[in-house]
Amino acid sequence: MHSPRVRVFFFGGPEGVAKKATEVLNQERLGMTGSGAIFPGFGNLNDMLAPAVLAEINECHADMLVVALGAKRGQAWIQGAKNELNATVVTHLGAVVNFVAGSVARAPVWVQRFGMEWLWRIYQEPKLFERYFNDGKAYIRILARHILPLRKAQRNLDRKQAHDKPSECQLESGVDQLTMRLKGALTKETLPLLRDRLKEIFDRPPSAVELDLSDCTYLDAASLGQIMLLFKVQRSRHQTLRICNTSADLQHLFELHAAGYLLEL
């Protein structure tokens, strides 16, 4: 018994390319089938978000909607349309429409193996140079300001084995708030413990929460992600989250993870 083929809808791309991509999918013996295509032109974003346009997409009952409107416009369209779309997967894969239609050739396999497909795309579409150049500058900034310093912090943790203090997550009930005290180095090994404490908070009636980091020596990305989740839940409950007693090293870790806003609450 054959598995059902994934129904793909193409939205965007150069004129005629999305339709051609649909035809190609329907001619190939693949696990996908083209359910429809729309070329919305290059006009106003609001026109592309018109109810009639979204209804036409939904009527095709696509499992996957591939958007190709250019990076910024495509993301903006997805954000504006996501609550009205029925497709299980909505993604922006601009070049995919061209690749499927055959209007732009993929790089040779040896170029792909060397990770140089971006250079091949610039060769075929010179207008991409500026975008890739700006993306490269942004990547270097992120590498220098976040990734490398975080790697250094992790190496320092491994070297010191910052387990001077046992790692703990304690939850205390106060008169009008809950206080969670984090102690030692919070890493992936202690993540289950942190999650258990957060579950306790979420299972209780809404209340203000104070996060005391006076005895905390390190927070990795996963632990900070849990604190971000706590912030999101507190905000949805119309309650406050206050983070106190953070050392300079911890404040630096928050900033490196782009989570400095949590310290300003």
Side-chain angles (χ1 to χ4, degrees), residues 71-72 75-76 78-80 82-83 134-135 137-265:
K72 291 184 178 179
Q75 293 300 328
I78 291 173
Q79 287 299 314
K82 63 182 181 180
N83 294 329
N134 291 331
D135 288 347
K137 289 194 299 183
Y139 171 74
I140 291 172
R141 283 198 301 270
I142 293 172
L143 188 69
R145 296 179 184 178
H146 296 274
I147 298 175
L148 293 179
L150 282 170
R151 180 61 186 142
K152 180 180 179 181
Q154 180 62 54
R155 283 201 303 268
N156 289 341
L157 174 68
D158 294 340
R159 196 176 300 120
K160 290 168 49 180
Q161 295 182 346
H163 306 305
D164 319 352
K165 303 177 182 179
S167 300
E168 297 179 23
C169 300
Q170 299 175 347
L171 187 61
E172 301 171 2
S173 300
V175 177
D176 55 0
Q177 73 173 20
L178 295 172
T179 299
M180 184 161 67
R181 304 185 191 281
L182 303 185
K183 299 183 179 182
L186 276 295
T187 63
K188 61 183 180 181
E189 285 76 18
T190 59
L191 196 57
L193 183 60
L194 178 56
R195 284 174 172 163
D196 287 344
R197 297 295 84 77
L198 290 180
K199 186 176 185 305
E200 289 183 42
I201 293 174
F202 300 156
D203 288 343
R204 297 189 183 205
S207 168
V209 174
E210 179 180 82
L211 189 59
D212 187 344
L213 302 180
S214 55
D215 291 320
C216 183
T217 58
Y218 182 83
L219 287 166
D220 69 358
S223 299
L224 275 167
Q226 294 299 302
I227 295 175
M228 292 178 187
L229 174 62
L230 174 59
F231 165 66
K232 182 178 179 180
V233 171
Q234 286 296 97
R235 187 170 59 175
S236 70
R237 289 178 158 192
H238 306 290
Q239 297 294 329
T240 60
L241 169 64
R242 178 173 173 265
I243 301 176
C244 62
N245 300 323
T246 53
S247 65
D249 288 342
L250 283 181
Q251 290 178 25
H252 187 50
L253 284 173
F254 272 83
E255 294 296 338
L256 289 177
H257 284 94
Y261 67 93
L262 293 170
L263 301 177
E264 301 169 2
L265 302 175

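Positions are given from 1, in the same order as the sequence printed here.
Side chains of D249 and S247: a donor-acceptor N/O pair is absent below 3.5 angstrom, by distance only.
Within a 6.0 Å sphere centred on CZ of R145, heavy atoms belonging to other residues, nucleotides or ligands number 12 at most. A 6.0 Å sphere centred on CZ of F202 holds more than 12 heavy atoms belonging to other residues, nucleotides or ligands.
No donor-acceptor distance shorter than 3.5 angstrom exists from the side chain of E168 to the backbone of G184, with no hydrogens or angles considered. The backbone N or O of I142 lies less than 3.5 Å from no partner atom in the side chain of H146, so there is not a single donor-acceptor pair.
Contact annotation: the side chain of K152 never approaches that of L256 to less than 4.5 Å [non-hydrogen atoms, C-beta and beyond]. The shortest distance between side-chain heavy atoms of R141 and K137 falls below 4.5 Å. Residues C244 and E210 form a side-chain contact, since some pair of their non-hydrogen atoms from C-beta on lies under 4.5 Å apart.
The CG atom of L262 sits 10.0 Å away from atom CD of E255, with the distance rounded to the nearest 0.5 Å. For the atom pair CG (L193) and CG (L198), the distance works out to 10.0 Å, reported to the nearest 0.5 Å. The line from CG of L213 to CG of L186 is 8.5 Å long, rounded to the nearest 0.5 Å. Taking SG of C169 as the start and CZ of R181 as the end, the distance is 13.0 Å to the nearest 0.5 Å. Note that CZ of R197 and CD of Q226 are 12.5 Å apart. Values are rounded to the nearest 0.5 Å. A distance of 11.5 Å separates NZ of K188 from OG of S223, quoted to the nearest 0.5 Å.
Across every non-hydrogen atom of L171 and M180, the tightest pair is CD1-CB, 4.1 Å. Considering every non-hydrogen atom in both L150 and H257, the closest pair reads CD2-CE1, 3.1 Å.
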Would you list the atom pairs, donor with acceptor, under 3.5 Å between side chains in residues 227-236 and any protein atom, with sequence neighbours excluded?
residue, atom, partner, partner atom, Å
Q234, NE2, S207, O, 2.9
Q234, NE2, T240, O, 2.8
S236, OG, V233, O, 2.7

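Checked options D215, L250, L219, I243; the residue passing with L182 is L219 (criterion: side-chain contact (heavy atoms from CB on, under 4.5 Å)).
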